[in-house]
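Report on the following structure.
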Amino acid sequence: MARIVMKFGGTSVADIARIRNVARHVKREVDAGHEVAVVVSAMSGKTNELVGWVQDASKAEGSNLNIYDAREYDAVVASGEQVTSGLLALTLQAMGVNARSWQGWQIPIKTDGAHGAARIAEIDGSFLIKRFGEGQVAVVAGFQGIAPDNRLSTLGRGGSDTSAVAIAAAVKADRCDIYTDVDGVYTTDPRIEPKARRLSKISFEEMLEMASLGAKVLQVRSVELAMVHRVRTFVRSSFEDPDAPGMGDLLNPPGTLICDEEEIVEQQVVTGIAYAKDEAQISLRRVADRPGVSAGIFGPLAEANINVDMIVQNISEDGKFTDITFTVPSGDLDKALFVLGKVKETIGFDAVQSEPGMSKVSVIGIGMRSHAGVAATAFKALADRSINIRAITTSEIKISILIDGPYTELAVRTLHSVYGLDKQ
Ligand code: ADP
Ligand code: ASP
Ligand code: MG
């Protein structure tokens, strides 16, 4: 007997027929004698719809400003997962499986007070362990918890992955299975590059980079938790026949295992390519070059909760001025320009230029630590396709390149091929 946490994403629970299929996956594990807790997302598209309603409802008449009360945002958007948890419990009951749905506050999944992007602070596993003892499948609403102010909180987009891994850690599960609409983690998004290959294993570090650089197959925080708490996490498909051979394999189910790099025998130099669309570039021209300037610019942006990403600074010939270029999510561009407008006087710069619609394409691989020339290969390949590079950042195991949005797909495919990641 094992203890398994199974998480099903939005497309996997998109309608009642799919929920029935999910229930068959759950029943398979229950019939095999395992203790099972299930975490569900909202039906696909639901959370977007709810977010849209929040934005519409909070706009003053005639205004375009997207600013809303995060506590009420949470109250609204958490409702999608409440629906699917109840529906899956009902479906399981109809199949003769003892199941009950639970909301985040009932477990409770305690979070910090950052409404809209809360972090899980604590989960006492005993509530769910008691359910296992009663032979009950607990169906938990993902993405939500309860904040110190006693109100519902949500964990940021894609947060059900994090709910699942956190629950798996809290109940010391043998495995956490993240069921989604692809059958594992690929060398790049298979929707963009059909030649992408499925990885049987990927290291925690690489998965962290992939996720934080745009591969939304796992939420970043879920990978961090899996790494810290040593949760054996698999990404696998909910669309496969639940009773196909091997689906119930205890140690090596079909899918991608997220694991320590030592567990990976054949390490490639480059493991994958990730991309993030909808980045905006902001350039501040002729900024006075003196100590404290960067703090004066990026401090207020951070206070406004704007996530600044790539930063490039260039010093003028006479050493008196500097140009500073950086990126923010396109959705935060207006807010960023507003904040910069307020600090312009104190900092002193000539002009702000901005451009939305940029993309960041990243090459990721632990093998880069010990191989030279990986970046040069990327630059040459993009140049051969006449793709202009606007900014570059690197770390030990990744290179990120900012380009114009319309070239995203071409750049992803070009890099995927130049590092030999295409399917044979
Ligand atoms: P869910 O609703 O199940 O949480 P998501 O849409 O959040 O699913 O994540 C799955 C999607 O992630 C896939 O459909 C795929 O398009 C995308 N994706 C991006 N990069 C990758 C990658 N490297 N490997 C697999 N899927 C990826
Ligand atoms: N439903 C939430 C979202 O769409 C959480 C999740 O699916 O993981 O972001
Ligand atoms: Mg997701």
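Both ligands and their constituent atoms are indexed starting at 1 by order of listing.
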Other residues, nucleotides and ligands only: do more than 12 of their heavy atoms fall within 6.0 Å of CZ on F204? yes
Looking at R3, I want to see if its CZ is surrounded by more than 12 non-hydrogen atoms of other residues, nucleotides or ligands under 6.0 Å.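 Check passes, neighbour count above 12.
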Under a 4.0 Å threshold between the charged nitrogen and the carboxylate oxygen, would [Y] count as salt-bridged to [X]?
| X | Y | answer |
| --- | --- | --- |
| E193 | K423 | no |
| K201 | E206 | no |
| D174 | R232 | no |
| K216 | D189 | no |
| D404 | R390 | yes |
| R369 | E261 | yes |

Hey, which atoms in ligand 1 end up nearer than 4.0 Å to a heavy atom of [X]?
| X | value |
| --- | --- |
| M210 | 23 (N) |
| Y186 | 22 (C), 23 (N), 24 (N), 25 (C) |
| G9 | 1 (P), 2 (O), 3 (O), 4 (O) |

Any P190 heavy atom less than 4.0 Å from ligand 1: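 Contact present.
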Work out whether the distance between some heavy atom of G184 and some atom of ligand 1 is less than 4.0 Å. yes
Polar-atom distance check: [X] versus ligand 1, any N or O pair below 3.5 Å?
| X | value |
| --- | --- |
| S41 | no |
| T187 | no |
| D181 | yes |

Check the orientation of F298 and F326. Use parallel for under 30°, tilted for 30 to 60°, and perpendicular for over 60°.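 Perpendicular.
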Give me the ring orientation class for F8 and Y179: parallel if the planes are under 30° apart, tilted from 30 to 60°, perpendicular past 60°. parallel
Return the CD to CD1 distance between E35 and I129, rounded to the nearest 0.5 Å.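 If I round to the nearest 0.5 Å, the distance is 8.5 Å.
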Options R198, K216, K7, ranked by nearest heavy atom to atom 4 (O) of ligand 1, top entry: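 The nearest heavy atom belongs to K7.
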Relative to atom 10 (C) of ligand 1, which among T180, D189, V412, V185 owns the nearest non-hydrogen atom? T180
When you compare the side chains of S153 and D74, does any donor N or O come within less than 3.5 Å of an acceptor on the partner?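 Absent: no donor and acceptor within the cut-off.
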Could you pull out every protein residue that has a heavy atom closer than 4.0 Å to ligand 2, ordered by chain and then number?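 Within 4.0 Å of ligand 2, the protein residues are S41, A42, T47, E81, F143, R157, G158, G159, S160.
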One residue to check: R191. Relative to ligand 1, which of side chain, backbone, both or neither has a non-hydrogen atom less than 4.0 Å away? side chain
When you measure from atom 27 (C) of ligand 1 to every protein heavy atom, which one gives the shortest distance, and what is it? V217 CB, 3.8 Å
Starting from atom 2 (O) of ligand 1, locate the nearest protein heavy atom and write down its residue, its atom name and how far away it is, to 0.1 Å. G10 N, 3.1 Å
